[in-house]
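The structure appears below as structure tokens.
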Amino acid sequence: MAWTLSAPSPLTLPISSTDRTTLTADTVKCHSAWRSNSERKRATRIIINASQGETNSDDSDNDSPAFNPFGFVTDNPSSRSAIQLPESPAEDGNVGQMLYRIEDKGREYGKYIKCGNLVWFVRRTGSPETRRGTIVFLHGAPTQSYSYRNVMSQMSDSGFHCIAPDWIGFGFSDKPQPGYGFDYTEKEFHEELDKLLDGLEVKSPFFLVVQGFLVGSYGLTWALKNQSKISKLVILNSPLTVSSPTPGLFTKLRIPLYGEFTCQSAITAERFIEAGSPYVLKLEKADVYRLPYLSSSAPDFALLEATRKINFTNTLSQIASGFASGSWDKPVLVAWGISDKYLPQSVAEEFQKGNPEVVKLNLIEGAGHMPQEDWPEKVVDALRLFF
């Protein structure tokens with residue numbers, strides 16, 4: 001018996017005009033139509049998900065994604081649920097509504113303090129009269145003192161007085177336009193920090209904790225110039241040697257014109273944090289880190305200006321030689337998140353070898369570039385033991 005094959009005839013569904021108006025996802029799962037050769041016999045399958053109310057189109061000849069005007073955030077996990085393209089954009093959140101939703105977040109333990117011509121946002125926990133002493137926490141770029149909130153709370157419970165300012169140009173502190181009283185140079189950051197510590201009446205010597213790039217490095221160079229004011233120093237993940245890699249963010253910011261474009265992003269800080277850590281920020285945390293960048297363009301250009309003013313090689317050379325044997329004699333603890341995707345563990349080990357009698361190394365498993373955010377409990381354990 002001979003069998004012959006013929007092209008399939010178009011598939012039709014016996015649906016009345018009434019049925020067409022009441023058709024739901026529960027009654028039809030898939031509808032495929034064969035098209036003519038002139039249409040290249042392309043088949044399109046439409047799947048309707050009744051439980052989620054979503055419709056996905058799968059084109060067998062074209063796998064390119066549909067245009068998404070917010071595609072720049074889709075590779076940043078914490079941003080996916082914050083910036084979306086709704087079915088009715090006018091009815092969903094815009095930047096103004098996002099600001100209204102989060103404008104009161106992230107100011108735990110903080111208040112505004114004017115020193116000289118600039119206003120700092122400063123977090124404080126514990127009593128200045130404590131016998132345990134004062135700890136000053138300095139953050140890095142492009143983040144803010146919010147990263148220390150949990151560490152500060154737990155250290156004050158242990159009897160310490162804790163202070164964590166947002167550097168000028170970052171977080172909730174002033175962000176002056178360059179050329180109008182502040183030009184984002186190392187010298188000016190040092191001078192303004194001196195004014196702040198005097199205004200807060202911080203008694204010397206105190207404990208100092210420093211973390212991060214750029215202004216974090218300025219915290220370390222400030223320490224080199226004020227060794228007599230410091231009792232003990234703790235360094236969380238920071239560039240410490242001339243071999244320390246520079247993250248791509250800072251490299252891009254230094255490129256003319258391209259830097260101006262790169263800096264104007266509401267998710268700069270949270271993207272930077274997630275890229276250096278094994279974890280994804282929860283939305284409520286990401287809200288705080290993006291808030292300054294949503295409010296205005298001032299923090300974007302402050303970051304841009306500070307990045308272009310720093311000489312990374314010279315600054316790291318100062319740090320490496322300044323904390324070496326014969327130059328620095330105060331106790332130093334390097335508490336290092338070993339899952340840091342910016343700075344390898346070898347940076348901390350090389351730094352310790354430069355002054356092994358003074359520098360102790362504590363490796364923190366499970367933490368990335370910002371141990372105080374990734375695993376504050378382990379940072380607190382290290383601080384309590386060291387202090």
Side-chain angles (χ1 to χ4, degrees), residues 52 70-86 89 91-112 121-125 137-157 162-167 170-173 175 209 211-212 236-237 249 265-296 298-300 303 337 339-341 364 366-380:
Q52 297 180 3
F70 296 118
F72 69 97
V73 302
T74 56
D75 62 344
N76 197 53
S78 64
S79 299
R80 290 173 184 164
S81 58
I83 304 176
Q84 304 174 1
L85 181 64
E91 298 176 3
D92 200 71
N94 53 35
V95 172
Q97 289 171 314
M98 289 176 64
L99 281 171
Y100 179 77
R101 176 174 59 84
I102 67 177
E103 64 182 351
D104 294 326
K105 285 188 176 182
R107 291 176 173 81
E108 292 90 339
Y109 320 120
K111 66 177 181 179
Y112 292 93
F121 181 79
V122 182
R123 301 172 196 273
R124 300 182 73 166
T125 60
F137 297 87
L138 298 178
H139 68 86
T143 62
Q144 52 175 288
S145 63
Y146 176 74
S147 64
Y148 287 115
R149 66 201 178 282
N150 293 321
V151 173
M152 293 177 64
S153 175
Q154 295 180 49
M155 291 305 292
S156 61
D157 288 344
C162 302
I163 298 174
D166 286 348
W167 282 103
F170 296 86
F172 302 113
S173 290
K175 304 165 187 67
V209 179
Q211 185 272 329
L236 306 179
N237 296 52
L249 170 64
S265 171
I267 61 170
T268 296
E270 63 184 274
R271 182 187 292 274
F272 185 84
I273 294 169
E274 289 183 339
S277 167
Y279 307 107
V280 172
L281 280 174
K282 292 183 178 180
L283 180 58
E284 59 267 24
K285 298 178 182 179
D287 279 342
V288 179
Y289 287 112
R290 75 165 67 97
L291 179 55
Y293 297 90
L294 279 172
S295 301
S296 76
D300 299 305
L303 174 62
S339 296
D340 190 336
K341 297 181 182 180
I364 303 178
H369 180 63
M370 291 175 60
Q372 72 271 31
E373 181 68 78
D374 292 341
W375 214 313
E377 295 81 6
K378 290 188 176 182
V379 172
V380 168

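Keep in mind the model is a prediction, meaning the values are calculated, not measured. These values consider heavy atoms only, across backbone and side chains, with no hydrogens, waters or symmetry-generated copies.
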Inset, instruction - Go through the steps for L281 and E373 under the test side chain to side chain contact (heavy atoms under 4.5 Å, CB included), then give the verdict. - result: CA-CA 9 Å; L281 280 174; E373 181 68 78; 4.3 Å; yes
Inset, instruction - List in chain and number order the residues that pass ring pair (Phe, Tyr, Trp, His ring centres under 6.0 Å) with F121, two or more places apart in sequence or in another chain; answer none if no residue qualifies. - result: Y112, F172
Legend entry - Test item: side-chain donor near acceptor, Y289 and E274, under 3.5 Å: no
Legend entry - Note: K282-E270 ion pair, threshold 4.0 Å (strictly below): no
Inset, instruction - Measure the spacing between CZ of R123 and OH of Y146 and express it to the nearest 0.5 Å. - result: 8.0 Å
Inset, instruction - Mind listing the closest non-hydrogen atom pair of F170 and P142 along with its distance? - result: CE2-CA, 4.0 Å
Legend entry - Validation row: L138, W167 side chains within 4.5 angstrom (heavy atoms): yes
Inset, instruction - Taking the side chain as every heavy atom from C-beta outward, state whether V380 and M155 have any pair of such atoms under 4.5 Å apart. - result: yes
Inset, instruction - Could you list the residues that satisfy side-chain hydrogen bond (donor to acceptor under 3.5 Å, both in side chains) with D166, not counting sequence neighbours? - result: S145
Inset, instruction - Supply the atom-to-atom distance K175 NZ to S296 OG, rounded to the nearest 0.5 angstrom. - result: 6.5 Å
Inset, instruction - Give a yes or no on whether the backbone of R107 and the side-chain of K111 come within a donor-acceptor separation of less than 3.5 Å. - result: no
Legend entry - Straight-line distance of E377 CD to I364 CD1, nearest 0.5 Å: 11.0 Å
Legend entry - Partner set under side-chain contact (heavy atoms from CB on, under 4.5 Å) for A275, not counting sequence neighbours: Y342
Inset, instruction - Any chance you could measure L283, atom CG, to R290, atom CZ, to the nearest 0.5 Å? - result: 6.0 Å
Legend entry - Stepwise side chain to side chain contact (heavy atoms under 4.5 Å, CB included) test for H369 and I273: CA-CA 7 Å; H369 180 63; I273 294 169; over 6 Å; no
Inset, instruction - Output yes when a side-chain donor or acceptor of T143 lies under 3.5 Å from a complementary backbone atom of G140, and no otherwise. - result: yes
Legend entry - Under 3.5 Å: donor-acceptor pair, side chain of S295, backbone of L291: yes
Inset, instruction - Give the minimum heavy-atom separation between N237 and G368, together with the two atoms involved. - result: ND2-O, 3.6 Å
Inset, instruction - Write down the atom of A266, the atom of L294, and the distance for their closest heavy-atom approach. - result: CB-CD2, 3.6 Å
Inset, instruction - Go through the structure and list residues passing salt bridge (Lys or Arg N to Asp or Glu O under 4.0 Å) with K378, not counting sequence neighbours. - result: none
Legend entry - Where G337 and P371 come nearest, the two heavy atoms and their spacing: N-CG, 3.9 Å
Legend entry - Step-by-step side chain to side chain contact (heavy atoms under 4.5 Å, CB included) determination, Q144 to V288: CA-CA 9 Å; Q144 52 175 288; V288 179; 3.9 Å; yes
Legend entry - Shortest non-hydrogen contact between P278 and G366, atoms and distance: CG-O, 4.0 Å
Inset, instruction - List the atom of P299, the atom of P292, and the distance in Å for their closest heavy-atom pair. - result: CG-O, 3.2 Å
Inset, instruction - Look at the aromatic rings of Y148 and F137 and report parallel, tilted or perpendicular, splitting at 30° and 60°. - result: tilted
Legend entry - Pairing residues for S277 by the side-chain contact (heavy atoms from CB on, under 4.5 Å) criterion, not counting sequence neighbours: Y279, D374
Legend entry - side chain to side chain contact (heavy atoms under 4.5 Å, CB included) assessment of Q211 paired with V209: CA-CA 7 Å; Q211 185 272 329; V209 179; 5.9 Å; no
Inset, instruction - To the nearest 0.5 Å, tell me how far C162 SG sits from Q154 CD. - result: 10.5 Å
